[in-house]
Amino acid sequence: MIGPGTNWYVAVAAILFGIGVTGVILRRSPLIVLLSLEIMLNASNLALVGFSRHFGTVDGQIFAICVMAVAAAEVVVGLGLIVAFTRRSMPLDVDAATELRG
Amino acid sequence: MGNVLVWVIWILAALACVGSGVAVISFTNPFYSALALIGNLASLAVLFLLASAEFVAAAQILVYAGAVMVMFLFVIAYLGGRADAPFAGGPQWLQLGSFVSGAAIMIAVIVALVTKANDGLSSSADISRSFGSPAEIGRLFLTDHLLAFEITSIVLLVAAVGGVVLALKTEAESEAESEAS
């Protein structure tokens with residue numbers, strides 16, 4: 001394999017996933033929480049593509065494309081929820097959305 | 001020579017990836033965060049290309065950096081650029097816990113890579129020229145992975161219906177509108 005080996009890909013994927021986890025827990029704005037979720041999904045995609053290259057089968061890339069489609073669906077529903085939040089004039093804060101809390 | 005060039009491009013793309021990822025979670029304005037995420041996705045596409053995943057890289061640029069992020073920017077523009085400082089609100093232990101949990105995941109994987117998996121992951125399989133090409137991906141989607149392909153279409157349909165339902169006006173809203181007019 002020309003260039004970095006699979007372990008480099010997995011290391012960058014782990015770093016990106018950690019950044020995403022930090023963002024989801026740290027930030028209060030639901031928009032940035034969604035963006036951090038995208039970082040986490042893309043980190044998993046990077047690991048999938050790296051391992052797909054490692055084992056020489058395309059199945060990992062197929063999985064990565066399915067993850068991309070699921071991420072698009074997640075963005076549609078997430079952004080719909082955020083717009084519904086603002087239309088009910090609720091504050092844009094993940095801690096303020098406690099209506100469903102038991 | 002070609003190998004060195006691939007290493008240089010790979011490391012530049014990886015640094016851009018991590019740097020723009022940090023930028024996404026540290027910008028105050030969500031608009032800048034979304035722009036940084038576009039950079040993150042573009043540099044990830046470079047990494048995908050160097051792992052011979054041409055189709056995934058193209059889909060990444062077209063679907064993610066193109067369609068999804070434009071939708072994000074539209075919603076952010078619709079809501080107005082509300083500032084949200086990274087460390088505003090929330091208890092102190094939550095901020096500490098976010099960094100601890102993020103670092104724990106990174107360190108766990110990297111320690112595992114360095115100590116155990118280094119030999120097993122250094123030699124990868126030989127691949128043919130058609131590896132990761134659109135023709136190969138399309139053939140697999142319509143043969144081996146047909147079920148996943150069909151389920152993906154149902155997931156997208158359900159998400160589209162869900163988006164429409166969330167955008168519908170509630171009864172209280174339409175009543176308030178008719179009273180006002």
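Lettering follows sequence order; numbering is per chain, from 1.
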Open item on the list: Which heavy atom of Ile137(B) sits nearest to which heavy atom of Gln61(A), and what is that distance?
Closed with: CD1-OE1, 3.5 Å
Open item on the list: Between Ile15(A) and Ile110(B), is the side-chain contact (heavy atoms from CB on, under 4.5 Å) condition met? List the steps.
Closed with: CA-CA 9 Å; Ile15(A) 292 171; Ile110(B) 290 172; 4.1 Å; yes
TODO: Give the minimum heavy-atom separation between Leu31(A) and Ile76(B), together with the two atoms involved.
DONE: CD1-CG1, 3.8 Å
TODO: Let me know if Leu41(A) has heavy atoms under 4.5 Å from chain B in its side chain, its backbone, both or neither.
DONE: side chain
- [ ] Using heavy atoms and a sub-4.5 Å threshold, report which of residues 61-70 of chain B line up against chain A, by residue number.
- [x] Tyr64(B), Val68(B), Met69(B)
Open item on the list: Taking side chain as everything from C-beta outward and backbone as N, CA, C, O, which of these in Tyr78(B) sits under 4.5 Å from a heavy atom of chain A? Side chain, backbone, both or neither.
Closed with: side chain
Task: Thr6(A) side, atom OG1; Leu113(B) side, atom CG - distance, nearest 0.5 Å - done: 10.0 Å
TODO: For each of Val24(A), Leu34(A), Ile82(A), Val33(A), tally heavy-atom pairs with chain B at distances under 4.5 Å, and name the one with the top tally.
DONE: Leu34(A)
TODO: Under 4.5 Å heavy-atom distance to chain B, tell me which part of Leu35(A) shows up: side chain, backbone, both or neither.
DONE: both
Open item on the list: Just to verify, what does Val111(B) make a side-chain contact (heavy atoms from CB on, under 4.5 Å) with, not counting sequence neighbours?
Closed with: Ile107(B), Thr115(B)
- [ ] Side chain from CB out, backbone as N, CA, C, O: work out which of these in Ser52(B) comes under 4.5 Å of a heavy atom of chain A, or both, or neither.
- [x] both
- [ ] With sequence neighbours left out, write down each residue that passes salt bridge (charged side-chain N to carboxylate O under 4.0 Å, His left out) with Glu136(B), or none if nothing qualifies.
- [x] Arg139(B)
Would you give me the side-chain donor-acceptor pairs under 3.5 Å for residues 32-43 of chain B, sequence neighbours excluded?
unit_1, atom_1, unit_2, atom_2, d
Ser33(B), OG, Val24(B), O, 2.8
Asn40(B), ND2, Cys17(B), O, 3.2
Ser43(B), OG, Gly39(B), O, 2.9
Ser43(B), OG, Asn40(B), O, 3.0

Task: Proximity breakdown for Phe149(B) and chain A, heavy-atom pairs closer than 4.5 Å - done: neither
Task: Distance-minimising heavy-atom pair for Val76(A) and Gly163(B) - done: CG1-CA, 4.1 Å
- [ ] With Leu44(B) as reference, evaluate Leu16(A), Val49(A), Asn45(A), Val12(A) under the side-chain contact (heavy atoms from CB on, under 4.5 Å) test and give the passing residue.
- [x] Leu16(A)
Open item on the list: Looking at every non-hydrogen atom in both residues, tell me the closest pair between Val58(A) and Gly132(B) and how far apart they are.
Closed with: CG2-N, 4.2 Å
Task: Distance-minimising heavy-atom pair for Arg27(A) and Thr28(B) - done: NH2-O, 4.0 Å
Task: For chain B, the option from Val75(A), Leu79(A), Val70(A) that forms the most heavy-atom pairs under 4.5 Å - done: Leu79(A)
